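Here is the structure we will look at.
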Amino acid sequence: MNEPQFDGIIFADTWQEFNALRYAGRIIHILCRKGSMGFTFQDTHYNISAGDYVILPNAALANGFSASDDFQGILMNLSETFTTSIAIRSNYGIIGHLSLLRNPVMKLTGRDFRICETALQYLRARMADEKHLFREELLGSLLTAHILDLYDIHARSRKDLQVSERVASLLREFIGLLYNGEYVRNRDLEFYASRLCITPHYLSEICKKISGEPASYWIERFTMQEITRLLRQKELSLTEIAERMNFSSMSYFSRYVQKRINLTPSEYRKDC
């Protein structure tokens with residue numbers, strides 16, 4: 001049976017289909033129903049099994065996917081444009097987003113698993129109604145309901161955490177600058193604070209409150225993700241990588257990497 005077409009939401013049944021659809025800039029949801037799957041996200045390896053729910057905020061930050069022979073799951077691929085268009089009226093999104101950048105795996109209870117499985121199956125079923133006059137709005141509403149359930153699942157362990165609209169807006173803009181690659185040109189906390197018209201101390205304070213890590217952690221995490229990605233491309237020389245990342249010298253580049261992963265660029269490359 002042909003899968004109904006809608007670019008905002010794409011489902012896949014098999015790992016092979018999903019892997020072909022896993023392109024940069026999309027948001028990936030994986031509900032594991034049976035078997036296991038492994039992947040690397042921002043240089044940390046994860047293994048998931050039945051009952052786990054994975055959300056990858058950007059497919060470009062993940063690699064090294066593999067699945068067991070008996071793997072079964074519901075695999076959903078979302079466009080950022082469509083996800084943004086549904087405009088959920090909750091500031092919890094940025095809290096969840098930062099949390100997922102640290103660990104994209106949620107362990108579900110039996111009840112939560114059934115809620116998520118039912119929601120995804122129904123969303124996929126309604127995608128087949130291509131003659132519905134308000135199909136995009138309908139799918140947006142169903143996706144909104146599912147995302148709010150995910151917020152609820154994630155937020156139960158953080159009931160005391162609330163965030164104002166201003167703080168949420170500042171953090172969204174900060175993380176947006178990093179997603180846009182600003183860390184290649186600017187790695188100083190002062191630069192980001194200046195762009196947001198706040199003090200460096202306040203930027204670090206709100207990052208620490210919401211994510212458990214200061215702003216410098218996120219700048220370094222995005223920077224090291226890109227550096228290690230480039231180091232795995234062995235056709236690039238270390239000098240070329242240092243220049244691409246705007247380091248003033250090879251020695252500074254080497255010290256920066258070694259301080260953060262306890263390996264020199266050459267040692268990391270050798271272990272790849």
Side-chain angles (χ1 to χ4, degrees), residues 10 12 14-30 35-48 54-69 71 73 75 77-80 97-98 100-105 175-189 191-192 213 215-272:
I10 301 172
T14 68
W15 168 243
Q16 290 75 16
E17 289 175 3
F18 170 75
N19 205 31
L21 295 171
R22 187 177 52 82
Y23 40 90
R26 306 279 295 197
I27 301 161
I28 306 300
H29 287 231
I30 305 168
S36 62
M37 175 186 285
F39 62 92
T40 298
F41 179 70
Q42 294 200 338
D43 280 336
T44 300
H45 189 75
Y46 296 90
N47 288 300
I48 64 169
V54 177
I55 303 176
L56 301 172
N58 187 332
L61 300 178
N63 58 72
F65 283 83
S66 62
S68 64
D69 292 339
F71 173 79
L75 307 137
N77 177 315
L78 303 171
S79 78
E80 185 177 350
H97 187 89
L98 290 174
L100 291 168
L101 283 174
R102 293 184 68 189
N103 182 354
V105 181
I175 295 299
L177 288 169
L178 295 175
Y179 269 126
N180 289 335
E182 196 61 61
Y183 57 85
V184 174
R185 296 171 292 278
N186 297 287
R187 287 181 282 274
D188 292 330
L189 178 61
F191 167 82
Y192 294 91
E213 301 288 354
S216 57
Y217 166 89
W218 294 106
I219 298 168
E220 290 183 2
R221 182 147 189 178
F222 274 79
T223 301
M224 286 307 304
Q225 168 68 23
E226 180 63 9
I227 288 174
T228 53
R229 186 187 73 81
L230 293 172
L231 287 172
R232 289 192 292 269
Q233 298 180 30
K234 298 188 178 182
E235 69 277 9
L236 296 175
S237 71
L238 297 181
T239 300
E240 286 176 307
I241 295 171
E243 289 176 350
R244 281 195 190 191
M245 296 300 296
N246 284 292
F247 283 90
S248 57
S249 68
M250 263 303 301
S251 59
Y252 177 34
F253 173 63
S254 185
R255 289 197 306 273
Y256 184 94
V257 174
Q258 186 166 17
K259 180 180 179 181
R260 286 153 182 83
I261 61 174
N262 296 317
L263 293 171
T264 67
S266 297
E267 290 169 340
Y268 179 88
R269 172 167 276 182
K270 190 182 299 182
D271 291 343
C272 287

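This is a predicted model, so every value here is computed, not measured.
Interatomic distance, CE of Met224 versus CD1 of Ile261, reported as 4.0 Å (0.5 Å rounding). Ile219 contributes atom CD1, which lies 8.0 Å from atom CG of Asp188 (distance to the nearest 0.5 angstrom).
Every residue two or more places apart in sequence or in another chain that forms a ring pair (Phe, Tyr, Trp, His ring centres under 6.0 Å) with Phe39 is listed here: Tyr46, Phe65. Residues satisfying the ring pair (Phe, Tyr, Trp, His ring centres under 6.0 Å) test with Tyr252, not counting sequence neighbours, are Phe247.
Of all heavy-atom pairs spanning Leu100 and Pro57, the tightest one is CB-CG, 4.2 Å. In terms of heavy-atom proximity, Asn77 sits nearest to Ile28 at ND2-CD1, 3.8 Å. Residue Met245 comes nearest to Arg187 through the heavy atom pair O-NH2, 2.7 Å, listed as atom of the first residue, atom of the second, then distance. Of all the heavy atoms in Arg26 and Ser79, the pair that sits closest is NH1-CB, 3.3 Å. Taking all atoms of both residues into account, the shortest heavy-atom contact from Leu263 to Val257 is O-CG1, 3.5 Å. Heavy atoms only, all atoms of each residue included: Pro104 and Leu56 are closest at CB-CD2, 3.7 Å.
The shortest side-chain heavy-atom distance between Pro265 and Tyr268 does not fall under the 4.5 Å cut-off. Using a 4.5 Å cut-off on side-chain heavy atoms (C-beta onward), Leu101 and Phe222 make contact. Residues Gln233 and Arg229 are in side-chain contact: their nearest non-hydrogen atoms beyond the backbone lie under 4.5 Å apart. The closest side-chain heavy-atom distance from Tyr183 to Tyr192 is below 4.5 Å. Leu75 has its side chain within reach of Met37: a pair of non-hydrogen atoms, C-beta onward, lies under 4.5 Å apart. Looking at heavy atoms from C-beta onward, Arg102 lies out of side-chain contact with Phe41 at the 4.5 angstrom threshold. Looking at heavy atoms from C-beta onward, Leu238 lies in side-chain contact with Leu231 at the 4.5 angstrom threshold.
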Exercise. Can Leu178 and Gln225 be said to form a side chain to side chain contact (heavy atoms under 4.5 Å, CB included), step by step?
Worked result: CA-CA 11 Å; Leu178 295 175; Gln225 168 68 23; over 6 Å; no

Exercise. Stepwise, does the side chain to side chain donor-acceptor pair (under 3.5 Å) test hold for Ser251 with Ser249?
Worked result: CA-CA 5 Å; Ser251 59; Ser249 68; 3.1 Å; yes

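No donor-acceptor pair closer than 3.5 Å links the side chain of Thr264 to the backbone N or O of Ser254.
Each salt bridge (charged side-chain N to carboxylate O under 4.0 Å, His left out) pair with one or both residues in residues 243-260, not counting sequence neighbours, appears once here: Glu220-Arg260.
Here Lys270 does not pair with Glu267 in a salt bridge; the nearest charged N to carboxylate O distance is not below 4.0 Å.
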